[in-house]
Amino acid sequence: MSKIKQIHNQLINREFSCLELIQKHLDLLKQNTHHTVNSLLEDIALDLAKKVDTKIENGEKIGLLEGIPFGIKDVYMVQGTYTTASSDLLKNYKSSYTATAIQKLLDAGAIPLVKENCDSFGHGSSSENTIFGAVKNAVNPDLVGGGSSGGSAVNVAKDFTVFSIGGDTGGSIRQPSGYNNVYGLKPTYGRISRFGLMAYASSTDCVGPIAKSIEDVRIVLNVMSGKDVKDQTTYPSEEISQENSTKIDNIKSVGYFKNFIESDAISPAIKSDFLATIAKIKDKGFEIKALDFFESDTLVSTYYTLAMAETASNLSRLDGTNYGHRIEGDNLKDTYSITRSENFSEETKRRIVGGNQVLSQGFSDEIYLKGLNLKDQIAANFEKDFKEVDIILSPVTPNTPPKIGDSLKDPLAMYLSDAYTVGFSLGQLPTLTAPQGTATGIQITAAKKNDAMVLQFANFLKELI
Ligand code: GLN
(Lines give C-alpha, C1' and ligand atoms only; values in the text may rest on other atoms or scores of the structure.)
Protein backbone atom coordinates (compact mmCIF):
# COMPACT_ATOMS: atom_id res chain seq x y z
CA MET A 1 0.00 0.00 0.00
CA SER A 2 1.56 3.26 -1.11
CA LYS A 3 1.50 5.89 1.61
CA ILE A 4 2.52 8.49 -0.94
CA LYS A 5 -0.57 7.78 -3.06
CA GLN A 6 -2.81 7.59 -0.01
CA ILE A 7 -1.68 10.98 1.31
CA HIS A 8 -1.79 12.48 -2.19
CA ASN A 9 -5.46 11.49 -2.45
CA GLN A 10 -6.24 12.78 1.02
CA LEU A 11 -4.65 16.12 0.13
CA ILE A 12 -6.60 16.55 -3.09
CA ASN A 13 -9.82 15.41 -1.40
CA ARG A 14 -9.07 18.02 1.25
CA GLU A 15 -9.31 15.57 4.14
CA PHE A 16 -6.59 17.70 5.74
CA SER A 17 -4.47 20.59 4.59
CA CYS A 18 -0.82 20.23 3.71
CA LEU A 19 -0.02 22.59 6.58
CA GLU A 20 -1.83 20.29 9.02
CA LEU A 21 -0.03 17.29 7.60
CA ILE A 22 3.40 18.88 7.89
CA GLN A 23 2.72 20.31 11.35
CA LYS A 24 1.63 16.87 12.56
CA HIS A 25 4.85 15.26 11.34
CA LEU A 26 7.02 18.04 12.72
CA ASP A 27 5.35 17.58 16.12
CA LEU A 28 5.95 13.83 16.00
CA LEU A 29 9.61 14.41 15.20
CA LYS A 30 9.96 16.99 17.99
CA GLN A 31 8.38 14.76 20.61
CA ASN A 32 10.21 11.62 19.60
CA THR A 33 12.64 10.01 22.03
CA HIS A 34 14.50 7.81 19.53
CA HIS A 35 17.21 10.41 18.79
CA THR A 36 16.40 10.51 15.09
CA VAL A 37 16.62 14.28 14.63
CA ASN A 38 19.79 16.31 14.11
CA SER A 39 17.94 19.41 12.94
CA LEU A 40 14.38 20.22 11.94
CA LEU A 41 13.72 22.13 8.73
CA GLU A 42 10.61 23.70 10.22
CA ASP A 43 10.58 27.05 8.43
CA ILE A 44 11.29 25.60 5.00
CA ALA A 45 8.68 22.86 5.49
CA LEU A 46 5.88 25.14 6.70
CA ASP A 47 6.57 27.61 3.92
CA LEU A 48 6.39 24.91 1.26
CA ALA A 49 3.23 23.44 2.80
CA LYS A 50 1.43 26.78 2.52
CA LYS A 51 2.31 26.93 -1.17
CA VAL A 52 0.87 23.46 -1.76
CA ASP A 53 -2.34 24.48 0.06
CA THR A 54 -2.67 27.59 -2.11
CA LYS A 55 -2.40 25.46 -5.24
CA ILE A 56 -5.06 23.04 -3.99
CA GLU A 57 -7.35 25.91 -2.97
CA ASN A 58 -6.96 27.43 -6.44
CA GLY A 59 -7.99 24.15 -8.02
CA GLU A 60 -4.54 23.57 -9.55
CA LYS A 61 -3.29 20.03 -10.10
CA ILE A 62 -0.58 18.82 -7.77
CA GLY A 63 2.05 16.18 -8.54
CA LEU A 64 2.21 12.86 -6.71
CA LEU A 65 5.07 13.92 -4.43
CA GLU A 66 3.83 17.44 -3.85
CA GLY A 67 3.35 18.04 -0.14
CA ILE A 68 4.70 14.62 0.90
CA PRO A 69 6.94 14.94 4.00
CA PHE A 70 10.32 13.23 3.90
CA GLY A 71 13.54 12.97 5.86
CA ILE A 72 17.17 13.34 4.80
CA LYS A 73 20.16 11.60 6.35
CA ASP A 74 22.43 14.31 7.70
CA VAL A 75 25.12 13.71 5.09
CA TYR A 76 23.28 15.45 2.22
CA MET A 77 23.78 19.05 1.29
CA VAL A 78 20.59 21.10 1.41
CA GLN A 79 21.40 24.73 0.82
CA GLY A 80 21.23 26.85 3.98
CA THR A 81 20.69 23.93 6.34
CA TYR A 82 23.06 22.35 8.83
CA THR A 83 24.85 19.35 7.38
CA THR A 84 26.75 17.88 10.28
CA ALA A 85 27.42 14.23 9.35
CA SER A 86 26.65 13.78 13.08
CA SER A 87 30.16 15.05 13.84
CA ASP A 88 31.70 17.64 16.13
CA LEU A 89 33.81 18.82 13.23
CA LEU A 90 30.81 19.93 11.16
CA LYS A 91 28.29 20.61 13.89
CA ASN A 92 27.97 24.25 12.79
CA TYR A 93 28.48 23.72 9.07
CA LYS A 94 25.75 24.93 6.71
CA SER A 95 25.51 23.66 3.13
CA SER A 96 26.10 26.16 0.38
CA TYR A 97 24.34 24.07 -2.27
CA THR A 98 21.83 21.24 -2.59
CA ALA A 99 22.54 17.61 -3.53
CA THR A 100 21.19 16.59 -6.95
CA ALA A 101 19.04 13.74 -5.59
CA ILE A 102 17.47 16.02 -2.98
CA GLN A 103 16.99 18.82 -5.52
CA LYS A 104 15.03 16.44 -7.74
CA LEU A 105 12.71 15.60 -4.85
CA LEU A 106 12.27 19.30 -4.06
CA ASP A 107 11.52 19.98 -7.73
CA ALA A 108 8.84 17.28 -7.56
CA GLY A 109 7.33 19.14 -4.57
CA ALA A 110 8.24 16.77 -1.73
CA ILE A 111 8.69 18.59 1.60
CA PRO A 112 11.90 18.05 3.60
CA LEU A 113 11.30 17.94 7.35
CA VAL A 114 14.47 16.83 9.02
CA LYS A 115 18.17 16.13 8.78
CA GLU A 116 18.43 12.69 10.31
CA ASN A 117 20.80 11.21 12.84
CA CYS A 118 23.33 8.64 11.58
CA ASP A 119 26.78 7.29 12.28
CA SER A 120 29.31 10.06 11.85
CA PHE A 121 30.38 10.26 8.17
CA GLY A 122 28.56 6.95 7.63
CA HIS A 123 31.11 5.15 9.80
CA GLY A 124 29.23 2.47 11.65
CA SER A 125 26.53 -0.16 11.75
CA SER A 126 24.51 0.98 14.74
CA SER A 127 24.04 4.79 14.69
CA GLU A 128 25.82 5.07 18.01
CA ASN A 129 28.84 6.87 16.52
CA THR A 130 27.12 10.27 16.65
CA ILE A 131 27.23 13.43 18.73
CA PHE A 132 23.41 13.49 18.85
CA GLY A 133 22.90 10.39 21.03
CA ALA A 134 22.48 6.76 19.94
CA VAL A 135 19.48 6.17 17.68
CA LYS A 136 17.01 3.84 19.38
CA ASN A 137 15.38 1.00 17.49
CA ALA A 138 11.77 1.60 16.40
CA VAL A 139 10.58 -1.77 17.68
CA ASN A 140 12.58 -2.06 20.91
CA PRO A 141 14.25 1.17 22.12
CA ASP A 142 16.82 -0.75 24.16
CA LEU A 143 18.33 -1.96 20.89
CA VAL A 144 20.26 0.01 18.30
CA GLY A 145 18.54 1.60 15.35
CA GLY A 146 21.15 0.15 13.00
CA GLY A 147 23.48 2.12 10.84
CA SER A 148 24.64 4.18 9.47
CA SER A 149 21.25 5.51 8.25
CA GLY A 150 19.59 4.62 11.59
CA GLY A 151 17.65 7.86 12.09
CA SER A 152 16.19 7.57 8.60
CA ALA A 153 14.99 3.98 9.04
CA VAL A 154 13.51 4.66 12.48
CA ASN A 155 11.68 7.77 11.22
CA VAL A 156 10.06 5.76 8.46
CA ALA A 157 9.24 2.82 10.76
CA LYS A 158 7.60 5.15 13.30
CA ASP A 159 5.71 7.10 10.57
CA PHE A 160 7.53 10.32 11.48
CA THR A 161 8.41 10.67 7.79
CA VAL A 162 6.65 9.09 4.80
CA PHE A 163 10.00 8.20 3.28
CA SER A 164 13.60 9.04 4.01
CA ILE A 165 16.73 9.27 1.93
CA GLY A 166 19.59 7.25 3.33
CA GLY A 167 23.10 6.63 2.07
CA ASP A 168 24.60 3.18 1.59
CA THR A 169 28.31 2.49 1.23
CA GLY A 170 28.44 -1.02 2.67
CA GLY A 171 24.93 -1.63 3.95
CA SER A 172 23.84 1.58 5.62
CA ILE A 173 20.39 1.65 4.04
CA ARG A 174 19.75 -2.09 4.01
CA GLN A 175 20.88 -2.98 7.52
CA PRO A 176 18.88 -0.36 9.48
CA SER A 177 15.89 -1.09 7.24
CA GLY A 178 16.20 -4.74 8.28
CA TYR A 179 16.56 -3.80 11.95
CA ASN A 180 13.40 -1.66 11.84
CA ASN A 181 11.23 -3.71 9.45
CA VAL A 182 10.95 -1.33 6.51
CA TYR A 183 12.01 -1.41 2.86
CA GLY A 184 15.39 0.07 1.94
CA LEU A 185 16.97 0.11 -1.49
CA LYS A 186 20.58 0.50 -2.52
CA PRO A 187 20.24 1.02 -6.27
CA THR A 188 22.87 0.11 -8.83
CA TYR A 189 25.94 2.28 -8.27
CA GLY A 190 25.61 5.32 -10.53
CA ARG A 191 21.85 5.20 -11.00
CA ILE A 192 21.44 8.18 -8.66
CA SER A 193 23.87 11.08 -8.57
CA ARG A 194 26.17 11.32 -5.55
CA PHE A 195 26.69 15.04 -6.08
CA GLY A 196 26.08 16.69 -2.71
CA LEU A 197 26.31 13.46 -0.73
CA MET A 198 29.22 13.81 1.65
CA ALA A 199 31.76 11.30 0.37
CA TYR A 200 32.61 8.29 2.52
CA ALA A 201 33.96 5.68 0.06
CA SER A 202 33.27 7.11 -3.37
CA SER A 203 33.53 3.80 -5.24
CA THR A 204 30.58 2.27 -3.37
CA ASP A 205 28.59 5.28 -2.02
CA CYS A 206 24.95 5.10 -3.14
CA VAL A 207 21.88 7.26 -2.57
CA GLY A 208 18.66 5.38 -1.89
CA PRO A 209 15.13 5.50 -0.45
CA ILE A 210 13.74 3.95 2.72
CA ALA A 211 9.95 3.53 2.80
CA LYS A 212 7.13 1.31 4.02
CA SER A 213 6.09 -0.03 0.62
CA ILE A 214 7.74 -1.21 -2.58
CA GLU A 215 5.55 1.21 -4.49
CA ASP A 216 6.90 4.18 -2.52
CA VAL A 217 10.46 2.96 -3.05
CA ARG A 218 9.73 2.81 -6.79
CA ILE A 219 8.21 6.30 -6.94
CA VAL A 220 11.09 7.93 -5.08
CA LEU A 221 13.74 5.94 -6.98
CA ASN A 222 12.32 7.11 -10.31
CA VAL A 223 12.41 10.76 -9.28
CA MET A 224 16.01 10.66 -8.05
CA SER A 225 17.53 8.55 -10.86
CA GLY A 226 19.34 9.80 -13.93
CA LYS A 227 22.53 11.01 -15.52
CA ASP A 228 24.04 14.05 -13.83
CA VAL A 229 26.89 16.04 -15.34
CA LYS A 230 28.06 16.75 -11.81
CA ASP A 231 28.72 13.05 -11.17
CA GLN A 232 30.54 11.33 -14.01
CA THR A 233 29.77 7.87 -12.61
CA THR A 234 26.03 8.32 -13.25
CA TYR A 235 24.27 6.66 -16.17
CA PRO A 236 20.90 7.31 -17.83
CA SER A 237 18.17 4.91 -16.74
CA GLU A 238 14.58 4.28 -17.72
CA GLU A 239 11.68 4.90 -15.36
CA ILE A 240 10.35 1.73 -13.79
CA SER A 241 6.59 1.67 -14.30
CA GLN A 242 4.26 0.25 -11.69
CA GLU A 243 3.17 -2.37 -14.19
CA ASN A 244 6.76 -3.41 -14.83
CA SER A 245 7.51 -3.60 -11.11
CA THR A 246 4.79 -6.20 -10.56
CA LYS A 247 5.76 -8.60 -13.38
CA ILE A 248 7.44 -11.84 -12.43
CA ASP A 249 7.49 -13.84 -15.68
CA ASN A 250 11.14 -13.19 -16.53
CA ILE A 251 12.40 -14.45 -13.18
CA LYS A 252 13.02 -18.18 -13.29
CA SER A 253 15.88 -18.96 -10.96
CA VAL A 254 16.99 -17.84 -7.52
CA GLY A 255 20.39 -18.35 -5.94
CA TYR A 256 21.79 -18.01 -2.46
CA PHE A 257 25.30 -18.24 -1.08
CA LYS A 258 25.91 -21.51 0.73
CA ASN A 259 28.68 -20.17 2.91
CA PHE A 260 26.53 -17.26 4.19
CA ILE A 261 24.09 -19.79 5.57
CA GLU A 262 26.64 -22.32 6.77
CA SER A 263 28.73 -19.76 8.64
CA ASP A 264 29.12 -20.14 12.41
CA ALA A 265 28.25 -16.49 12.87
CA ILE A 266 24.62 -16.72 11.73
CA SER A 267 21.93 -17.05 14.38
CA PRO A 268 20.06 -20.37 14.15
CA ALA A 269 16.69 -18.59 13.88
CA ILE A 270 17.80 -16.39 10.97
CA LYS A 271 19.25 -19.42 9.23
CA SER A 272 16.13 -21.56 9.57
CA ASP A 273 13.78 -18.70 8.65
CA PHE A 274 15.87 -17.94 5.59
CA LEU A 275 15.89 -21.58 4.47
CA ALA A 276 12.14 -21.83 5.07
CA THR A 277 11.66 -18.84 2.75
CA ILE A 278 13.83 -20.48 0.11
CA ALA A 279 11.69 -23.64 0.41
CA LYS A 280 8.51 -21.62 -0.12
CA ILE A 281 9.99 -20.00 -3.22
CA LYS A 282 10.99 -23.41 -4.54
CA ASP A 283 7.42 -24.65 -4.02
CA LYS A 284 6.29 -21.89 -6.37
CA GLY A 285 8.30 -23.47 -9.17
CA PHE A 286 11.49 -21.38 -9.15
CA GLU A 287 14.77 -23.13 -9.71
CA ILE A 288 16.92 -22.75 -6.59
CA LYS A 289 20.73 -22.80 -6.79
CA ALA A 290 23.14 -22.87 -3.87
CA LEU A 291 26.12 -20.78 -5.03
CA ASP A 292 29.75 -20.60 -3.97
CA PHE A 293 31.08 -17.25 -2.89
CA PHE A 294 33.97 -15.60 -1.09
CA GLU A 295 34.17 -16.18 2.65
CA SER A 296 32.51 -13.46 4.71
CA ASP A 297 35.87 -12.61 6.30
CA THR A 298 37.36 -11.91 2.87
CA LEU A 299 34.40 -9.70 1.92
CA VAL A 300 34.57 -7.74 5.15
CA SER A 301 38.34 -7.25 4.97
CA THR A 302 38.25 -6.23 1.31
CA TYR A 303 35.45 -3.76 1.95
CA TYR A 304 37.06 -2.21 5.04
CA THR A 305 40.49 -1.99 3.38
CA LEU A 306 39.05 -0.01 0.48
CA ALA A 307 36.47 1.96 2.50
CA MET A 308 39.09 3.06 5.02
CA ALA A 309 41.53 4.08 2.28
CA GLU A 310 38.86 6.11 0.50
CA THR A 311 37.52 7.76 3.62
CA ALA A 312 41.02 8.73 4.77
CA SER A 313 41.47 10.44 1.44
CA ASN A 314 37.99 12.02 1.32
CA LEU A 315 38.18 13.36 4.86
CA SER A 316 41.62 14.88 4.41
CA ARG A 317 39.88 18.09 3.28
CA LEU A 318 38.32 18.50 6.71
CA ASP A 319 41.08 20.31 8.54
CA GLY A 320 39.32 23.36 9.92
CA THR A 321 40.58 25.64 7.14
CA ASN A 322 37.87 25.50 4.50
CA TYR A 323 35.45 23.45 6.50
CA GLY A 324 34.78 22.58 10.04
CA HIS A 325 35.23 23.71 13.58
CA ARG A 326 38.80 25.01 13.77
CA ILE A 327 40.80 24.78 16.96
CA GLU A 328 43.90 27.03 16.86
CA GLY A 329 47.26 25.56 17.82
CA ASP A 330 50.71 27.17 18.12
CA ASN A 331 51.31 26.83 14.39
CA LEU A 332 49.47 25.63 11.28
CA LYS A 333 50.51 22.02 11.68
CA ASP A 334 49.35 21.99 15.29
CA THR A 335 46.09 23.59 14.25
CA TYR A 336 45.41 20.81 11.77
CA SER A 337 46.31 18.14 14.22
CA ILE A 338 44.35 19.52 17.17
CA THR A 339 41.32 20.29 14.99
CA ARG A 340 41.25 16.76 13.62
CA SER A 341 42.14 14.98 16.87
CA GLU A 342 39.53 16.78 18.92
CA ASN A 343 36.71 16.84 16.40
CA PHE A 344 36.69 13.38 14.81
CA SER A 345 35.17 10.48 16.75
CA GLU A 346 37.20 7.45 17.87
CA GLU A 347 35.66 5.35 15.08
CA THR A 348 36.39 7.91 12.39
CA LYS A 349 39.98 8.30 13.59
CA ARG A 350 40.40 4.52 13.60
CA ARG A 351 39.40 4.54 9.93
CA ILE A 352 41.57 7.50 8.97
CA VAL A 353 44.62 5.92 10.61
CA GLY A 354 43.85 2.53 9.08
CA GLY A 355 43.19 4.06 5.67
CA ASN A 356 46.38 6.09 5.62
CA GLN A 357 48.32 3.00 6.59
CA VAL A 358 46.76 1.10 3.68
CA LEU A 359 47.68 3.90 1.28
CA SER A 360 51.17 4.60 2.52
CA GLN A 361 54.32 3.84 0.60
CA GLY A 362 55.55 0.32 1.19
CA PHE A 363 52.10 -0.92 2.16
CA SER A 364 49.88 0.15 -0.69
CA ASP A 365 51.02 -2.61 -3.07
CA GLU A 366 50.65 -5.20 -0.37
CA ILE A 367 47.26 -4.06 0.91
CA TYR A 368 45.44 -1.50 -1.23
CA LEU A 369 46.19 -3.03 -4.62
CA LYS A 370 45.34 -6.45 -3.26
CA GLY A 371 42.01 -5.03 -2.08
CA LEU A 372 41.29 -3.62 -5.54
CA ASN A 373 42.18 -6.93 -7.11
CA LEU A 374 39.80 -8.80 -4.80
CA LYS A 375 37.09 -6.29 -5.60
CA ASP A 376 37.48 -7.15 -9.30
CA GLN A 377 37.31 -10.84 -8.53
CA ILE A 378 34.14 -10.32 -6.50
CA ALA A 379 32.56 -8.38 -9.38
CA ALA A 380 33.57 -11.13 -11.82
CA ASN A 381 32.06 -13.75 -9.52
CA PHE A 382 28.76 -11.86 -9.54
CA GLU A 383 28.81 -11.64 -13.32
CA LYS A 384 29.25 -15.38 -13.52
CA ASP A 385 26.45 -15.97 -10.97
CA PHE A 386 24.00 -13.79 -12.85
CA LYS A 387 24.51 -15.92 -15.92
CA GLU A 388 23.12 -18.79 -13.86
CA VAL A 389 20.44 -17.12 -11.73
CA ASP A 390 18.16 -14.08 -12.05
CA ILE A 391 18.03 -13.16 -8.38
CA ILE A 392 20.31 -13.72 -5.40
CA LEU A 393 18.75 -13.81 -1.94
CA SER A 394 20.57 -13.45 1.33
CA PRO A 395 19.82 -12.56 4.92
CA VAL A 396 20.51 -8.90 5.68
CA THR A 397 22.40 -9.55 8.89
CA PRO A 398 23.68 -12.65 10.68
CA ASN A 399 22.04 -11.57 13.94
CA THR A 400 19.26 -9.45 15.40
CA PRO A 401 20.10 -5.86 16.52
CA PRO A 402 22.47 -5.59 19.50
CA LYS A 403 21.71 -3.70 22.71
CA ILE A 404 22.72 -0.06 22.71
CA GLY A 405 26.32 0.15 23.99
CA ASP A 406 27.41 -3.36 22.99
CA SER A 407 28.84 -2.62 19.50
CA LEU A 408 31.01 0.21 20.80
CA LYS A 409 32.92 -2.25 22.96
CA ASP A 410 33.98 -4.41 20.02
CA PRO A 411 34.58 -2.67 16.69
CA LEU A 412 35.76 -5.88 15.00
CA ALA A 413 32.50 -7.65 15.87
CA MET A 414 30.66 -4.66 14.41
CA TYR A 415 32.64 -4.88 11.16
CA LEU A 416 31.87 -8.60 10.91
CA SER A 417 28.15 -7.91 11.33
CA ASP A 418 28.31 -6.32 7.84
CA ALA A 419 29.22 -9.69 6.31
CA TYR A 420 26.10 -10.02 4.15
CA THR A 421 25.80 -6.46 2.88
CA VAL A 422 29.31 -5.37 1.86
CA GLY A 423 29.77 -7.91 -0.98
CA PHE A 424 26.85 -6.48 -2.95
CA SER A 425 28.29 -2.99 -2.46
CA LEU A 426 31.65 -4.06 -3.85
CA GLY A 427 29.77 -5.55 -6.81
CA GLN A 428 27.91 -2.21 -7.26
CA LEU A 429 24.66 -4.18 -7.56
CA PRO A 430 21.05 -3.17 -6.90
CA THR A 431 19.95 -4.66 -3.56
CA LEU A 432 16.77 -4.21 -1.56
CA THR A 433 15.98 -5.10 2.01
CA ALA A 434 12.47 -6.47 2.23
CA PRO A 435 11.13 -6.65 5.80
CA GLN A 436 10.20 -10.31 5.51
CA GLY A 437 11.57 -13.81 5.66
CA THR A 438 13.86 -13.41 8.69
CA ALA A 439 13.71 -11.23 11.81
CA THR A 440 15.93 -8.67 10.06
CA GLY A 441 14.54 -9.13 6.56
CA ILE A 442 15.83 -10.51 3.31
CA GLN A 443 18.12 -8.94 0.73
CA ILE A 444 17.03 -9.23 -2.89
CA THR A 445 19.80 -8.62 -5.42
CA ALA A 446 19.85 -8.59 -9.22
CA ALA A 447 22.49 -7.97 -11.86
CA LYS A 448 23.85 -4.46 -12.45
CA LYS A 449 21.28 -1.94 -13.74
CA ASN A 450 18.50 -4.45 -13.17
CA ASP A 451 16.86 -2.53 -10.34
CA ALA A 452 13.43 -3.26 -11.84
CA MET A 453 13.89 -6.98 -11.28
CA VAL A 454 14.64 -6.40 -7.60
CA LEU A 455 11.31 -4.62 -7.21
CA GLN A 456 9.54 -7.33 -9.20
CA PHE A 457 10.82 -10.05 -6.93
CA ALA A 458 10.00 -7.98 -3.83
CA ASN A 459 6.38 -7.70 -5.02
CA PHE A 460 6.26 -11.45 -5.50
CA LEU A 461 7.78 -12.11 -2.06
CA LYS A 462 5.30 -9.77 -0.39
CA GLU A 463 2.44 -11.91 -1.67
CA LEU A 464 4.21 -15.15 -0.86
CA ILE A 465 5.05 -14.59 2.81
N1 GLN B 1 28.73 -0.41 8.37
C2 GLN B 1 29.48 -0.14 7.22
C3 GLN B 1 30.63 0.76 7.56
O4 GLN B 1 30.70 1.17 8.66
C5 GLN B 1 28.63 0.50 6.15
C6 GLN B 1 28.37 1.92 6.40
C7 GLN B 1 27.71 2.62 5.26
O8 GLN B 1 27.17 1.98 4.35
N9 GLN B 1 27.80 3.94 5.26
O10 GLN B 1 31.44 1.08 6.74
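Computed over heavy atoms, backbone and side chain alike; hydrogens, waters and symmetry mates excluded. For ligands, and for the atoms within them, numbers begin at 1 and follow the listed sequence.
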If you count the atoms of ligand 1 from 1 in the order shown, which ones are under 4.0 Å from a heavy atom of [X]?
| X | value |
| --- | --- |
| Gly171 | 8 (O) |
| Gly170 | 5 (C), 7 (C), 8 (O) |
| Ser148 | 7 (C), 9 (N) |
| Tyr303 | 2 (C), 3 (C), 5 (C), 6 (C), 10 (O) |

For ligand 1 and [X], I'd like to know whether there is a polar contact (N/O to N/O, distance under 3.5 Å).
| X | answer |
| --- | --- |
| Gly122 | yes |
| Gly147 | no |
| His123 | no |
| Lys73 | no |

In the protein, what heavy atom is nearest to [atom], and what distance, to one decimal place, separates them?
| atom | answer |
| --- | --- |
| atom 7 (C) of ligand 1 | Ser172 OG, 2.3 Å |
| atom 10 (O) of ligand 1 | Tyr200 OH, 2.5 Å |
| atom 3 (C) of ligand 1 | Tyr304 OH, 3.2 Å |

Item checked: Residue of the set Leu28, Leu29, Asn155 for which side chain to side chain contact (heavy atoms under 4.5 Å, CB included) holds with Leu113 ->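 Checked Leu28, Leu29, Asn155 against Leu113; only one passes side chain to side chain contact (heavy atoms under 4.5 Å, CB included): Leu29.
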
Note to self: Under 4.0 Å, counting heavy atoms only: does Met414 come that close to any atom of ligand 1?
What the structure shows: no

Check: How does Arg351 reach ligand 1, if at all, at less than 4.0 Å between non-hydrogen atoms: by side chain, backbone, both, or neither?
Finding: side chain

Notebook entry, point to check: For ligand 1, does Asp418 get within less than 4.0 Å through its side chain, its backbone, both, or neither, judged by non-hydrogen atoms?
Noted result: side chain

For residues [X] and [Y], is any side-chain donor paired with an opposing acceptor at under 3.5 Å?
| X | Y | value |
| --- | --- | --- |
| Thr84 | Asp74 | yes |
| Asn343 | Arg340 | no |
| Arg194 | Thr233 | yes |

Item checked: Lys30/Glu42 salt bridge by N-O under 4.0 Å criterion -> yes

Note to self: Can you classify the ring geometry of Phe382 versus Phe257 as parallel (below 30°), tilted (30 to 60°) or perpendicular (above 60°)?
What the structure shows: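 Ring orientation, 0 to 90° scale: tilted.
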
Just checking [X] against [Y], ring centres under 6.0 Å apart?
| X | Y | answer |
| --- | --- | --- |
| His25 | Phe160 | no |
| Tyr415 | Tyr303 | no |
| Phe121 | Phe344 | yes |

